[in-house]
2 protein chains.
Amino acid sequence: MDAKNIARAMPIGSLSDRTGVKVETIRYYEQVGLLPQPDRSEGNQRRYGRAHVERLAFIKHARDLGFPVDGIRALLRLSDNPGMSCDEAHAISVAHLDDVRHKIARLRSLEKELERIAATCSGGVTACDCAIIETLADHSQCSHDQH
Amino acid sequence: MDAKNIARAMPIGSLSDRTGVKVETIRYYEQVGLLPQPDRSEGNQRRYGRAHVERLAFIKHARDLGFPVDGIRALLRLSDNPGMSCDEAHAISVAHLDDVRHKIARLRSLEKELERIAATCSGGVTACDCAIIETLADHSQCSHDQH
DNA sequence: ATACGATCTCTAGCCACTTCAGGTTCAAGA
DNA sequence: TCTTGAACCTGAAGTGGCTAGAGATCGTAT
């Protein structure tokens, strides 16, 4: 049996081990159309080849970078059609970067507010005197930006 | 009709307007036990009073700060029982702050990686030469931390 | 032949809502 | 008083991106 056939014979657990993507997640990706349906063994079990390993690695990398599944679908479409312009790939990445930056900004303002709140009370006193409870009860004390 | 009765007569839409929490979300909070069941009109519509406004404002403020619903439930329990120690309120806040900081750290590393990727390609070329697609296809080029 | 781990399908659960369908109630204007 | 039409009601299903479980079948080592 040559290397190609070994690759062809790869069951889902091996694909999972190779890519670090859980078995259930691989089946989920197939279900939502990110990963093409592989061949099956006589007993109806999935058998993957080299192309699947590469595609799943691409998907995992993009997910690790936080791309939403729809974005990944679009990136895969570009990857599948090498003649297309990569303007769209650039746009998807920039949009995602933008999204990430917005999330960072929002979380930083939350961080500041939570620091302030947590610092006002170090525990021990009863809840009726607790500054955390009071602050949450009275929005007017709060410098937090409304979103 | 005095101020108290006006407050008593407040329907869900007015509560929504006052607190900035959507009508559906208010009903959801009631369903999951964050907000107590209000009185009803003869025609079975919800009628809220001052206490509901305050409690919902508390919930909204905490949600705006990103507290999970379970954390809010615990904070409300403390708020309802003023004799209890506020150690728990402090612990909840600190745990949440910790969570926020972890998220920030993760997003910052994503931001760096996305900047790097987006900079390698400004669009225009065909997808077969697109550095974004290539980078995603080849994890070994990537300095991104695995989580 | 048997045991046992890997795999199969299908379904439900997670969070914190949001949306929808199909009805009922309320308040203001004619 | 009647009529509109906006606001309200319930219950179920959908969202994203998986994860977990039940119960059956497959594959392979001994």
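Quick note on labels: first sequence line is chain A, next is B, and so on, each numbered from 1. Treat the numbers as computed from the prediction; the structure is a model and nothing was measured.
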Legend entry - For DNA chain D, the residues among residues 25-35 of chain A that have a non-hydrogen atom under 4.0 Å from it: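 Hits under 4.0 Å, by residue number: A:Thr25, A:Tyr28, A:Tyr29.
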Results of side chain to side chain contact (heavy atoms under 4.5 Å, CB included) for [X] - residues two or more places apart only:
| X | value |
| --- | --- |
| B:Lys112 | none |
| B:Val69 | B:Leu34, B:Arg63, B:Arg73 |
| B:Tyr28 | B:Val32 |
| A:Glu54 | A:Arg50 |

According to side chain to side chain donor-acceptor pair (under 3.5 Å), who are the partners of [X], at least two apart in sequence or on a separate chain?
| X | value |
| --- | --- |
| B:Asp98 | none |
| A:Asp17 | none |
| B:Arg27 | none |
| A:Glu24 | none |

Inset, instruction - Heavy atoms of chain B, cut-off under 4.0 Å: which first and last nucleotide of DNA chain C, 5' to 3', fall inside that, if you could look? - result: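 Range of nucleotides within reach of chain B: C:dA16 to C:dC26.
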Inset, instruction - On DNA chain D, reading 5' to 3', which nucleotide is the first and which the last to sit with an atom under 4.0 Å from a heavy atom of chain A, could you check? - result: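 Contact span on the strand: D:dG17 to D:dG27.
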Legend entry - Electrostatic pair A:Glu115:B:Arg101 at N-O distance under 4.0 angstrom: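 Salt bridge between A:Glu115 and B:Arg101, a charged N being under 4.0 Å from a carboxylate O: yes.
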Legend entry - 5' precedence on DNA chain C between B:Asp70 and B:Glu42 (nearest-nucleotide basis):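 Residue closer to the 5' terminus by nearest nucleotide: B:Asp70.
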Legend entry - Upstream residue (5' side of DNA chain D) when A:Glu24 and A:Gln45 are each assigned their closest nucleotide: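 Here A:Glu24 is the residue nearer the 5' end.
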Inset, instruction - Determine whether A:Arg46 and A:Val23 make a side-chain contact, defined as any pair of heavy atoms from C-beta on separated by less than 4.5 Å. - result: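 No - every pair of side-chain heavy atoms lies 4.5 Å or more apart.
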